Structures are given as C-alpha cells and as structure tokens.
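What follows is one structure encoded as structure tokens, with my remarks underneath.
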Amino acid sequence: MIGGRNRPIGMRARAAAVGKTAAIKQGRDIDERLGLAGAGRWLLNYIFPDHWSFMLGEIALYSFIILILTGVYVTFFFVDSAHEIVYHGAYLPLRGVHMSEAYASTLDLSFSVRAGLVIRQMHHWAAVIFIGAIGIHMCRIFFTGAFRKPREINWTIGLGLLTLALLNGFLGYSLPDDLVSGTGLRIFYSVFESIPLIGPWFVYLLYGGNFPGNSIIPHMLVLHVFVVPILIAVLLTAHLAIIMRQHHSQFPGKGATETNVVGTPMWPAYAAKSGGYFFMLFGVIAALGGVAQINPIWLFGPYDPIRVSSFTQPDWYIGWMDGALRLMPNWELHLPGHMVANAFWPALFMPGILFTVLGAWPFLEARLTRDYAHHNLLDRPRDRPVRTAIGAGLLTFFLVMLLGGSEDVIAVFLDTSVQAVVWTLRISLIAAPLVVGPVTYLLCKELSAVPSAGFRPRPNVIVRTADGGYEAVPAELHPLEQPEELHPAPVGEATVPEIVPGGQPELVGAGRAPRGPAPPVSAATAVAPSTAPSAIPGVRTVSREDAVEAEVEARRQRGFFGRRRSNGAGGNGPGRNGPDGDGPGGG
C-alpha cells in the first residue's frame with residue numbers, strides 16, 4: 001500500500017524518523033548560530049529555594065502579568081477626556097448628570113460592556129495585591145538581611161519597583177475622574193505646586209493649566225499605560241536577571257551553606273509548582289473581581305468639591321501619604337522672596353528622605369557593622385535585634401500615618417472630635433516608634449537566649465508505668481514537623497555533596513528533576529570547601545581539586561556523562577555547578 005491511510009507502518013515510521021532527523025538538524029543549525037541550548041539547559045537546571053516566603057515575589061510578578069492582561073481590555077473602552085457631557089447611559093441614578101467623558105466611559109465599562117465590571121475589578125484587585133506583595137516581600141528581605149552583599153543593587157531596584165507601583169496605582173486610581181479620584185487629584189495639584197522653584201511650572205505642564213485642567217487625564221493615561229509599566233517591566237527584568245546571576249539566598253537548614261543553594265530545579269518540579277501557583281492566583285483575583293466589590297465609582301458620583309466628605313478615602317497604599325498631609329501642622333518656610341508651602345514637607349520631603357535612607361540602608365549597615373562579606377544565608381530577625389527594632393519602628397511610623405489618612409472616620413466611629421484624633425496621632429507618630437523599637441529590641445534579645453523559642457512545643461503522651469502510675473513523656477515529632485529550617489545541620493548529616501570549584505556558589509538541588517532524585521552521599525563522602533582539617537569526627541576533609549575529581553568520577557560511574565558534550569560545555573557552565581556544568585542538583 002502506498003500513501004494515505006494505507007501506507008505501511010514501516011514506511012510511516014521511516015518518514016517520522018526522517019522528519020525527526022530534519023528537525024534535529026534544524027535545531028542544531030539554530031543553536032550553532034544563537035547558542036540557545038546551553039542557556040536553556042542552564043535555565044532548566046536553575047535551583048529555587050523551597051521556603052514559602054520566596055513565593056511573595058512571585059505573587060508580585062504574577063499580579064503584574066494579570067494587571068497587563070486586564071489593563072489592555074479596560075483601555076479599549078476608556079475615554080481619556082475631561083470634556084464635560086450629560087450622561088445618558090445604563091445607570092439610571094446618574095442619568096442627566098453632568099460629568100466628564102472619562103467618568104461616563106468608566107460607567108459604561110462597568111454596566112454596558114460584557115464582562116467589563118469583572119475585568120475592571122480584577123484590574124483593581126490585581127493592583128492592590130501587586131503593591132501589597134512588593135511591600136511584604138521587601139519586609140521579608142529587610143528583616144532577614146537578604147539585601148546584604150552582593151545583593152545591594154537588587155534591594156535598590158526593588159525599592160524603585162515599589163515606588164513605581166505606588167505611582168502607577170495612584171495614576172490608575174485617579175483616571176475614572178469620580179468624586180474620590182478628583183479629590184486626590186486636587187490634593188496632589190497642591191502638592192506638586194509646592195515644589196520649590198519649579199512647582200508652578202510643573203503643575204501647569206502636567207494639568208494643562210489651573211485645576212482641574214483638560215490635559216491631566218490624557219497625560220495620566222499615557223503615564224499609566226505606557227511609561228510607568230515599561231519602567232516596571234525594565235526593572236523587573238533587571239531584578240530577575242540579577243537574581244539568576246547571583247542566585248537566591250536561603251534560610252539556614254539541612255545542607256544549606258554560604259556556598260550552595262538547596263532547593264528545587266526549575267524543570268519540571270518548580271515549573272509545575274510555579275505554573276500552578278500562577279493559575280491559583282489568577283483564580284483568586286478572578287473570584288475577587290466577581291464577588292468582592294471594589295471602588296464602586298457609581299456610588300461616589302462625579303467630582304464636586306462641595307460633596308467631599310469623610311467617606312472620600314484613598315486606597316490603602318496611598319493612605320499613609322494622605323495621613324502625613326492631614327497630621328502635618330500648619331507650618332510654612334518663608335525664605336527671602338519665596339515661600340515653601342506646607343504640603344511640600346509631608347508629601348515630598350519626608351517620603352524622599354525615608355526612601356533615600358531605605359535605598360542606602362545596605363551600604364549604611366555594612367559600614368556601621370563593618371560586615372563586607374558575601375552572604376547567602378539569611379538571618380533570623382531575632383538574631384539581629386538592632387535591625388529588627390529599626391524595621392519595627394519604621395513600620396509603626398507608616399502605620400500611624402496610615403491611620404491619619406482616616407482620622408475623620410476614626411472620629412466618627414469613636415464619637416469624638418477630629419482635633420482630638422489628630423493630636424493623638426501626631427503624638428503617636430513620634431512616641432509609638434520610640435516605644436515599639438526598644439520593646440522589639442528587648443524581645444529579640446530574650447528570644448535569642450532561648451534556642452527553642454519560635455518552634456512548636458512537643459506534645460506529651462501520658463503513659464502508664466509498670467507500677468500502675470502515670471507519667472508524661474515527650475511524644476515523637478511527625479516527620480513533617482521536624483524543625484529543619486533555621487537550624488544549620490552538622491556537616492556529617494549532609495545528604496548532598498558540596499563542591500566549590502573556583503570559589504563560586506554551588507547549586508545543590510533537592511532532587512535531580514530530569515532523571516530522578518540525586519543519590520544520597522554518606523557522611524563519610526561529604527566534603528567541605530576547605531583544605532583545613534575537619535573538626536567533626538567521621539567527616540573526611542579533602543581539597544577542592546580532589547573533591548571535584550571525586551565527584552566527576554562518581555558521576556562517570558553513574559553514567560551521567562553519557563549524553564553530554566565531551567568538552568564539558570553547557571549546563572550552568574564550569575566553575576558554577578560542577579566540572580561538567582550541570583551541578584549536583586541537575587545531574
């Protein structure tokens with residue numbers, strides 16, 4: 001039989017083999033020109049730490065992707081015009097009301113566009129989660145000392161990402177031109193105008209004249225849709241590239257040292273886990289967009305200064321700056337021929353100082369502690385009481401400012417005067433950090449003195465003794481409750497080899513993903529990255545060169561080199577993951 005369904009099986013197999021050979025040849029031709037195979041192998045063998053807190057950064061990354069997807073849909077229907085029209089849309093309570101085209105288009109998106117309200121609310125929820133994830137992620141980095149050398153630059157980039165996220169959140173929140181966003185735009189008109197020397201010209205350029213101006217909404221749309229997201233994408237790319245280059249830090253634990261990374265390879269375990277994590281986050285945000293109302297602009301109405309009330313509150317991530325404006329006394333700086341307005345100090349000067357100090361913190365701490373060494377192992381916050389106390393005091397400072405953003409709501413809730421709440425928060429803004437910081441310091445010192453603090457106490461089991469009495473004995477821990485993390489394991493208990501050729505960090509995977517888990521190495525064969533004699537009985541200490549040769553020989557016996565290039569090129573490169581460039585985690 002020739003051709004079609006009647007072609008013999010042997011001919012079809014030969015045709016498939018010929019096609020496969022041609023595809024392999026084409027792939028090799030492409031790799032000879034672009035060299036993608038080595039980079040792909042290196043990426044697939046990359047090791048990620050398993051601790052849950054490392055997923056905070058991924059929440060921010062995935063939220064940003066969802067922001068882009070939903071933002072494209074929303075932009076299709078948004079009209080960036082402050083031109084006033086009369087509303088005749090589907091929302092009956094506002095029919096016949098004068099409003100801007102931007103506000104009317106947002107109402108139409110919510111009530112007349114198929115799935116428009118769900119997508120708009122998903123966009124808003126994704127923005128809230130994006131900013132919150134970045135903030136919590138940076139708190140984790142600060143309190144565990146992940147910003148130390150060599151990761152100072154990434155800390156600064158992360159701070160830039162947080163600043164851009166706050167800016168873009170405010171821009172997007174202001175675009176609908178409703179009562180709440182119009183109030184925010186009016187406040188920031190005064191803030192921008194208070195910038196010394198250039199303030200009046202800058203605000204005239206941004207707003208297109210006096211408030212409200214006709215240019216502010218188109219300008220904000222360009223910034224919100226193009227400029228700031230592109231800057232965020234650039235910083236995110238740089239952030240991830242630096243992480244891949246320097247590798248992740250990790251918590252102390254079994255097998256974790258300053259010269260390796262213990263975790264899960266990218267392919268297939270981590271890719272499957274992370275991919276599932278993305279879809280879980282997407283599902284949560286979609287569910288929030290469908291059932292949890294956020295920013296109901298139709299309830300606020302268009303911007304009208306006489307309708308501003310205590311219900312006009314900003315989003316939480318910008319509330320701290322609004323609170324700083326509300327708590328700031330009516331102080332102004334008068335210079336010869338010039339006056340710096342009150343709004344400049346709490347809204348621009350104070351945040352500028354704080355963020356500058358935070359950006360320079362890795363260098364300040366290194367200079368103060370004279371610690372210029374490379375760090376891959378993270379700190380426990382209680383082991384660094386000074387840093388933890390400063391961080392707790394700073395968070396308290398931001399929390400009081402955040403409360404200040406709702407001082408009128410608090411006054412209504414407590415049935416007291418706004419002035420009483422304002423003065424209470426003004427005093428707390430200074431006093432609370434001074435109390436929280438020292439208390440945190442003392443708690444850290446006490447916890448450091450108790451090695452078992454922070455771990456789940458072992459339950460007792462009541463047993464009956466031979467003489468008929470009862471006795472409480474500690475129960476055995478479940479394997480999943482073993483406190484391995486934060487407790488460096490003795491070298492003799494290491495189950496993975498540690499080799500540091502050329503002084504570079506070695507990647508040690510929890511399992512060798514493509515070919516099954518790496519075989520355990522007994523204590524007798526565990527090696528240390530030093531030629532000094534080992535002080536631990538039963539552990540053989542060898543030189544780096546001997547360790548590399550021993551590992552190469554062990555892999556050759558296991559047949560690991562059979563499918564690799566003879567010149568050792570590929571993988572993660574020699575000197576980083578082992579002599580063959582694939583590392584113990586991947587091979």
Side-chain angles (χ1 to χ4, degrees), residues 53-54 56-57 60 131-167 231-232 235-236 238-243 245-252 258 317 320-321 324 345-402 429-430 432-445 448:
S53 64
F54 287 85
L56 293 171
I131 298 173
I134 293 178
I136 299 175
H137 181 59
M138 294 205 67
C139 286
R140 198 273 297 172
I141 291 174
F142 180 85
F143 285 109
T144 59
F147 55 79
R148 293 173 298 172
K149 187 178 180 180
R151 299 178 176 84
E152 303 96 329
I153 297 176
N154 238 358
W155 165 262
T156 308
I157 291 176
L159 201 63
L161 278 172
L162 178 61
T163 306
L164 290 175
L166 291 173
L167 173 62
L231 291 176
I232 291 177
L235 288 185
L236 268 177
H239 183 69
L240 296 176
I242 293 175
I243 287 178
R245 177 66 181 84
Q246 296 177 340
H247 301 288
H248 281 77
S249 56
Q250 60 186 343
F251 285 98
E258 290 280 9
Y317 51 81
W320 62 274
M321 190 177 292
W345 305 106
L348 295 175
F349 182 78
M350 183 271 294
I353 295 295
L354 283 178
F355 277 67
T356 301
V357 172
L358 285 175
W361 180 261
F363 308 99
L364 293 175
E365 181 177 305
R367 185 175 181 83
L368 293 174
T369 60
R370 298 184 181 278
D371 182 3
Y372 299 103
H374 281 64
H375 291 281
N376 291 319
L377 290 180
L378 300 174
D379 291 329
R380 284 189 298 184
R382 67 186 187 189
D383 292 336
R384 302 291 180 180
V386 175
R387 182 201 301 152
T388 304
I390 292 175
L394 192 59
L395 287 179
T396 305
F397 185 74
F398 277 99
L399 178 62
V400 175
M401 285 195 293
L402 181 61
L429 192 64
I430 305 300
L434 296 180
V435 172
V436 170
V439 169
T440 304
Y441 177 84
L442 294 176
L443 286 176
C444 291
K445 297 292 285 185
S448 299

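By convention here, the first residue in the shown sequence is residue 1. Note that the structure is predicted; figures quoted are calculated from it, not measured. For the numbers below, each heavy atom of this structure counts, side chains included, while hydrogens, waters and symmetry mates do not.
- In this structure, Trp345 and Pro351 approach most closely via the heavy-atom pair O-CD, 4.4 Å.
- The neighbour count for Ile153 CD1, taken as heavy atoms of other residues, nucleotides or ligands under 6.0 Å away, does not exceed 12.
- Aromatic ring orientation, Phe142 versus Trp361: tilted (interplanar angle from 30° to 60°).
- Counting all heavy atoms, side chain and backbone alike, Ser448 lies closest to Asp383 at OG-OD1, 3.7 Å.
- Closest of all the heavy-atom pairs between Ala146 and Leu378 is CB-CD2, 3.5 Å.
- Note: Leu429 CG to Leu434 CG = 10.0 Å, rounded to the nearest 0.5 Å.
- Note that OG1 of Thr144 is 11.5 Å distant from CG of Leu377, once rounded to the nearest 0.5 Å.
- In this structure, CG in Leu240 is found 11.0 Å from CG in Leu235, a value given to the nearest 0.5 Å.
- Among residues two or more places apart in sequence or in another chain, the ring pair (Phe, Tyr, Trp, His ring centres under 6.0 Å) test is passed with Tyr441 by none.
- Phe398 CZ: more than 12 foreign heavy atoms inside a 6.0 Å radius.
- Taking both residues in full, the closest heavy atoms of His248 and Phe54 are given as CD2-CD2, 3.8 Å, listed atom of the first, atom of the second, then distance.
- Closest of all the heavy-atom pairs between Met138 and Leu159 is CE-N, 3.6 Å.
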Would Gln246 and Arg151 count as a side chain to side chain contact (heavy atoms under 4.5 Å, CB included) if you check the C-alpha gap in whole Å, the side-chain angles of each, and the deciding distance to 0.1 Å? CA-CA 8 Å; Gln246 296 177 340; Arg151 299 178 176 84; 3.3 Å; yes
In residues 385-397, what donor-acceptor pairs under 3.5 Å come from side-chain atoms, sequence neighbours left out?
residue : atom : partner : partner atom : Å
Arg387  : NE   : Glu365  : OE1          : 3.1
Arg387  : NH1  : Asp379  : OD2          : 3.3
Arg387  : NH2  : Glu365  : OE2          : 2.8
Arg387  : NH2  : Asp379  : OD2          : 3.2
Thr388  : OG1  : Pro381  : O            : 2.5
Thr388  : OG1  : Arg384  : O            : 2.9
Thr396  : OG1  : Ala392  : O            : 2.8

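- Put simply, CG on Leu231 and CG on Leu164 are 5.5 Å apart, with the number rounded to the nearest 0.5 Å.
- Atoms CG and CE, on Leu354 and Met350 in that order, are 6.0 Å from each other to the nearest 0.5 Å.
- Between Ile134 and Ala165, the shortest heavy-atom contact is CD1-CB, 4.0 Å.
- Distance CD1/Ile131 to CG/Leu166: 5.5 Å, rounded to 0.5 Å.
- With sequence neighbours left out, Tyr317 forms a side chain to side chain donor-acceptor pair (under 3.5 Å) with Asp315.
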